[in-house]
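Scroll down for the structure; my scribbles are underneath it.
Small disclaimer: the values here were computed from a predicted structure and weren't measured. Atom set for the values below is all heavy atoms of this structure, side chains included, hydrogens, waters and symmetry mates excluded.
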Amino acid sequence: MRRPLRSALSRRTVLAGAAALVVPRGPGAGAAADTTAASPLPGPPSPGHPPPHAIAMHGEPALPPGFAAFRYADPAAPRGGQLTQGLLGTFDSLNPFVVRGIAVSAIRGYVIESLLTRSYDEPFTLYGLLASGVETDPARTVVTFTIDPDAAFADGRPVTAEDVLFSWQLLRDRGRPNFRTYYTKVAEATALDPRTVRFDFAGSQDRELPLILGLMPVLPRHAVDPERFEETTLTPPLGSGPYRVETVDAGRSVTLVRNPRYWGRDRPVNRGLWNFDTIRLDWYRDDNAWFEAFRKGLYDVHAETDPGRWETAYDFPAARDGRVVREEFPTGLPRGMAAFVFNTRRPVFADIRVREAIVRLFDFEWINRNLFFGRYRRTASFFEGSELSCRGRPADAAERALLAPFPDAVRADVMDGTFAPPVSDGSGRDRATLKAALALLEDAGWVFEGQTLRHGRTGAPLAFEILVTSKDHERLALAFVRTLRAAGVVPSIRVVDAVQFEQRRIQFDFDMIPNRWEQSLSPGNEQAFYWGSAAADTPGSRNYMGARSPAIDAMIAALLAATSREALVAAVRALDRVLVSGHYVVPLHHLPAQWVARWTTVAHPAATSLYGWLPETWWRAPGR
């Protein structure tokens with residue numbers, strides 16, 4: 001039986017000299033004890049030799065100690081007023097760190113902070129936040145964080161090493177699967193003194209772990225009940241961040257207010273950020289109601305993803321007279337993979353030939369022209385539009401060496417860079433595309449009986465259900481179904497509410513769903529959570545397709561072990577080739593830029609980050 005977590009970190013520990021609070025590895029491990037380390041441990045940093053202010057995944061941080069602010073933030077931005085954001089869907093929890101419920105994601109960042117924070121102008125570099133310094137060895141087998149002496153929770157209690165250890169153990173044992181995957185790699189966690197924490201990763205061979213621990217949410221030990229942590233809750237959490245939760249209207253709205261005693265308001269990483277006194281988050285169940293609310297001025301900023309609406313729906317008075325403006329923000333990120341996802345756990349999708357045939361039956365050219373004004377671009381890579389993508393690139397020597405133990409994992413055209421998604425004539429009745437798809441299906445044992453494809457041995461029809469939760473996805477699924485039926489496939493569409501969709505997605509209870517995986521410029525541990533074999537049987541993971549591939553696992557291991565940017569790029573491209581070759585998804589499309597409409601009552605910095613627009617850098621326009 002799992003030992004109650006409260007007992008593991010319930011005693012206040014007097015720390016002096018070499019004495020340290022040590023938490024051993026493993027869920028349900030014994031109570032923390034005051035112990036003198038058997039082997040020498042690095043002591044707290046000397047005042048004359050402060051630890052580094054930042055850590056980069058590869059290379060050196062771009063910004064020096066004492067930098068003024070991030071380039072994409074304006075330290076002179078005015079403060080005050082309210083930002084109202086509109087979101088599509090609903091929520092039933094304020095705890096984004098567990099599987100249960102649909103949580104308010106803004107809790108993380110606005111209310112709950114981490115030891116370090118990301119620079120959005122670098123692939124993966126973290127700068128001090130709750131921790132003023134971070135130190136690791138060249139092999140990345142250990143990391144030590146020095147907590148800022150001013151760091152405090154909203155109730156005034158200081159952030160301590162005990163809070164960090166408590167958060168690590170709580171999230172490791174009871175948090176979302178990704179936390180459990182990452183944090184179980186810690187061999188030992190030690191409080192060297194009340195403001196210094198050391199994590200030892202002996203044997204993990206995962207160079208990203210110091211940064212992963214740096215992004216760990218830090219929760220107040222004195223205000224969290226571990227026994228109820230996994231439950232959904234609408235009780236406002238206590239955090240150390242710039243805002244606190246003021247009001248909650250379940251499923252409809254959350255209001256955050258600035259913490260006037262926020263400890264970190266003058267730190268370089270926060271200058272020009274968190275400029276509004278109040279952040280109001282309003283949820284809308286229906287896409288049309290969501291956009292109509294924006295037109296009426298009920299919320300300030302609308303991130304647009306519908307080309308049809310972008311082209312035709314902004315002819316309303318406020319847009320015509322300049323009170324609403326549309327902007328396109330460039331981004332250096334991979335475009336991400338939006339797709340209809342095959343659940344390969346289902347027998348109907350176990351054969352790769354069936355999956356490839358269905359991919360061929362998605363008529364992007366007809367759909368893009370008839371539904372989306374030709375504004376979308378076809379996605380053909382899980383890291384589309386970046387140096388990490390294999391699209392149009394032949395595999396180099398480093399990639400081929402990584403893939404050599406798996407000679408059947410990558411198609412020849414994907415290996416030599418000539419692969420491209422199928423292209424139809426755009427008529428909606430492309431006979432060549434249909435013929436190629438039917439040839440694959442026939443090879444897989446499917447034959448026509450009347451107007452229906454049936455398996456030659458069992459007689460079962462080629463039937464599956466597409467599960468959707470939004471009008472946009474329903475419209476896209478309907479267009480897809482049209483071409484599937486022309487090939488004798490028997491698809492159906494089921495529309496469910498957001499709560500049911502999320503529950504079924506978490507449990508992998510679907511045949512096919514739409515999904516989007518976002519990607520950064522420095523892929524790491526999350527890739528195992530997306531595609532790794534261990535995640536295929538872990539409810540709550542994002543391996544929705546059920547991929548179980550030794551080649552995928554090996555490429556993820558290689559990217560985690562990379563010691564240079566060049567080695568990382570080679571490993572990620574090799575991973576991309578294996579994923580593309582597996583036909584795990586029906587790739588959809590992406591926008592050429594980020595489309596954002598805003599009321600001119602809010603404004604933003606002139607500079608855009610490598611990651612695109614960031615609402616935390618915006619402000620209320622003076623006089624508005």
Quiz item: Would you say Arg244's side chain and Ala154's backbone share a donor-acceptor pair under 3.5 angstrom?
Solution: no

Quiz item: Would you call the rings of Phe97 and Phe179 parallel, tilted or perpendicular, where under 30° means parallel and over 60° means perpendicular?
Solution: tilted

Quiz item: Arg140 and Pro210: which non-hydrogen atoms are nearest, and at how many Å?
Solution: CD-CG, 3.8 Å

Quiz item: Does a donor on one side chain sit under 3.5 Å from an acceptor on the other, for Glu113 and Tyr262?
Solution: yes

Quiz prompt | Between Tyr182 and Asp206: side-chain donor-acceptor atoms closer than 3.5 Å | solution = no

Quiz item: Backbone N or O of Leu192 within a donor-acceptor pair of the Thr196 side chain at under 3.5 Å?
Solution: no

Quiz item: Out of curiosity, Thr117 OG1 to Leu126 CG, how far, rounded to the nearest 0.5 Å?
Solution: 7.5 Å

Quiz item: So, Tyr72 side chain and Tyr120 main chain: donor-acceptor pair closer than 3.5 Å or not?
Solution: yes

Practice problem: Taking atom types as modelled, find out whether Tyr611 and Glu122 have a side-chain donor-acceptor pair closer than 3.5 angstrom. | Solution: no

Quiz prompt | is_close_aromatic(Phe276, Trp619), centroid dist under 6.0 Å | solution = no

Exercise. Determine the interplanar angle of the Trp517 and Tyr544 rings, folded into 0 to 90°, and report it as parallel if under 30°, tilted if 30 to 60°, perpendicular if over 60°.
Key: tilted

Quiz prompt | Smallest separation among heavy atoms of Asp193 and Ala161, with atom names | solution = O-CB, 3.4 Å

Quiz item: Salt-bridged, Asp163 to Arg221, with N to O below 4.0 Å?
Solution: no

Practice problem: Could you tell me whether Arg267 and Asp150 have a side-chain N and a carboxylate O separated by less than 4.0 Å? | Solution: yes

Quiz item: Any luck finding a side-chain donor-acceptor pair between Glu384 and Ser386 under 3.5 Å?
Solution: no

Exercise. Check Leu559 against Gly524 and note the closest heavy-atom contact, atom names and distance.
Key: CD1-CA, 3.6 Å

Quiz item: Would Glu327 and Arg598 pass as an ion pair if we require N to O under 4.0 Å?
Solution: yes

Exercise. Could you check if a side-chain atom of Trp283 sits within less than 4.5 angstrom of a side-chain atom of Leu281, using non-hydrogen atoms only?
Key: yes

Self-check item: 4.5 Å side-chain heavy-atom contact, Thr563 and Arg207
Solution: yes

Quiz prompt | For the student: nearest non-hydrogen atoms of Val254 and Val245, plus distance | solution = CG1-CG1, 4.2 Å

Quiz item: For residues Thr144 and Glu135, is any side-chain donor paired with an opposing acceptor at under 3.5 Å?
Solution: no

Quiz item: Less than 4.5 Å apart, any side-chain heavy atom of Leu171 and any of Met216?
Solution: yes

Self-check item: Exam field: side chain Thr181 to backbone Pro177, donor-acceptor pair closer than 3.5 Å
Solution: yes

Quiz item: Sub-3.5 Å donor-acceptor pair from the side chain of Asp553 to the main-chain atoms of Gly532, do we have one?
Solution: no

Quiz item: With a 4.5 Å limit on heavy-atom distance, are the side chains of Leu129 and Leu116 in contact?
Solution: no

Quiz item: Does the pair Glu526 and Trp531 meet the rule for a side chain to side chain donor-acceptor pair (under 3.5 Å), with working shown?
Solution: CA-CA 9 Å; Glu526 77 287 345; Trp531 337 109; over 6 Å; no

Practice problem: Evaluate the ring planes of His604 and Trp618, with Trp represented by its six-membered ring, and classify them as parallel (under 30°), tilted (30 to 60°) or perpendicular (over 60°). | Solution: tilted

Quiz item: Can you list the steps and then say if Ser522 with Met57 is a side chain to side chain contact (heavy atoms under 4.5 Å, CB included)?
Solution: CA-CA 8 Å; Ser522 184; Met57 185 63 204; 3.7 Å; yes

Practice problem: Over all heavy atoms of both residues, which pair between Ala77 and Asn275 is shortest? Give the atoms and the distance, please. | Solution: CB-ND2, 3.8 Å

Quiz item: For the side chain of Arg176 and the backbone of Val98, is there at least one donor-acceptor N/O pair under 3.5 Å apart?
Solution: yes

Quiz prompt | Side-chain donor/acceptor of Arg198 to backbone N/O of Glu188, under 3.5 Å | solution = no

Quiz item: Are more than 12 heavy atoms from other residues, nucleotides or ligands located less than 6.0 Å from atom CD of Glu328?
Solution: yes

Self-check item: Atom CZ of Arg79 with >12 non-hydrogen neighbours under 6.0 angstrom
Solution: yes

Quiz prompt | Contact check, side chains of Val111 and Pro237, non-hydrogen atoms, under 4.5 Å | solution = yes

Self-check item: Qualifying residue, where the test is side chain to side chain contact (heavy atoms under 4.5 Å, CB included) with Ser167 and the options are Val159, Val224, Val218
Solution: Val218

Quiz item: Is it the case that more than 12 heavy atoms not belonging to Arg71 sit under 6.0 Å from its CZ atom?
Solution: yes

Self-check item: Qualifying residues under side chain to side chain contact (heavy atoms under 4.5 Å, CB included), relative to Ser541, sequence neighbours excluded
Solution: Phe508, Phe529, Ala535, Thr538, Asn543

Self-check item: Plane angle bin for Phe67 and His53 - parallel if under 30°, tilted between 30 and 60°, otherwise perpendicular
Solution: tilted

Quiz item: Do Val186 and Arg172 have side chains that get closer than 4.5 Å, going by heavy atoms?
Solution: no

Quiz item: If you look at every heavy atom in Gly80 and Asp277, which pair is closest and at what distance?
Solution: CA-OD2, 3.3 Å

Practice problem: Answer with yes or no whether the side chains of Asp576 and Ser381 bring together a donor and an acceptor at under 3.5 Å. | Solution: yes

Quiz item: Could you state the interatomic distance from NE2 (His222) to CZ (Phe166), rounded to the nearest 0.5 Å?
Solution: 10.5 Å

Exercise. Find out whether His58 and Leu568 are in side-chain contact, i.e. whether some heavy atom of one side chain is under 4.5 Å from a heavy atom of the other.
Key: yes

Practice problem: Kindly determine whether His302 and Val596 satisfy side chain to side chain contact (heavy atoms under 4.5 Å, CB included), including the steps that lead there. | Solution: CA-CA 6 Å; His302 183 80; Val596 178; over 6 Å; no

Quiz item: Are any of the side-chain nitrogens in Arg516 or Glu518 under 4.0 Å away from the carboxylate oxygens of its partner?
Solution: yes

Self-check item: Aromatic contact, Trp595 with Phe329 (centres under 6.0 Å)
Solution: no

Quiz item: Where do Glu227 and Arg174 land on the salt bridge (charged side-chain N to carboxylate O under 4.0 Å, His left out) test, with the steps shown first?
Solution: CA-CA 9 Å; Glu227 296 305 314; Arg174 303 189 178 188; 3.5 Å; yes

Practice problem: Look up atom OG in Ser93 and atom CD1 in Ile102, then write down how far apart they are to the nearest 0.5 Å. | Solution: 10.0 Å

Quiz prompt | Pro242 side chain near Asn270 side chain, heavy-atom distance below 4.5 Å | solution = no

Quiz item: Within the side chain of Tyr127, is there an N or O that forms a donor-acceptor pair under 3.5 Å with the backbone of Leu63?
Solution: yes

Quiz item: Going by an N to O cut-off under 4.0 Å, is there a salt bridge joining Glu246 and Arg280?
Solution: no

Quiz item: Below 6.0 angstrom between ring centroids: does that apply to Tyr299 and Trp599?
Solution: no

Quiz item: With a 3.5 Å cut-off and no angle check, do the side chains of Glu304 and Gln594 form a donor-acceptor pair?
Solution: no

Quiz item: Any sub-3.5 Å donor-acceptor pair from Asp200's side-chain atoms to Val142's backbone N or O?
Solution: no

Quiz item: Taking the six-membered ring of Trp263 as reference, does the NZ or CZ atom of Arg261 fall below 6.0 Å from its centre and within a 45° cone about the axis?
Solution: no

Practice problem: Please report the C-alpha distance between Glu616 and Arg118 in whole Å, then the side-chain angles of each, then the deciding distance to 0.1 Å, and finally whether the salt bridge (charged side-chain N to carboxylate O under 4.0 Å, His left out) criterion is met. | Solution: CA-CA 13 Å; Glu616 58 265 37; Arg118 184 186 297 269; over 6 Å; no

Quiz item: Does any N or O in the side chain of Asp74 come within less than 3.5 Å of the main-chain N or O of Gly272, such that one atom is a donor and the other an acceptor?
Solution: no

Quiz item: Charged N to carboxylate O below 4.0 Å: is that the case for Asp148 and Arg195?
Solution: no

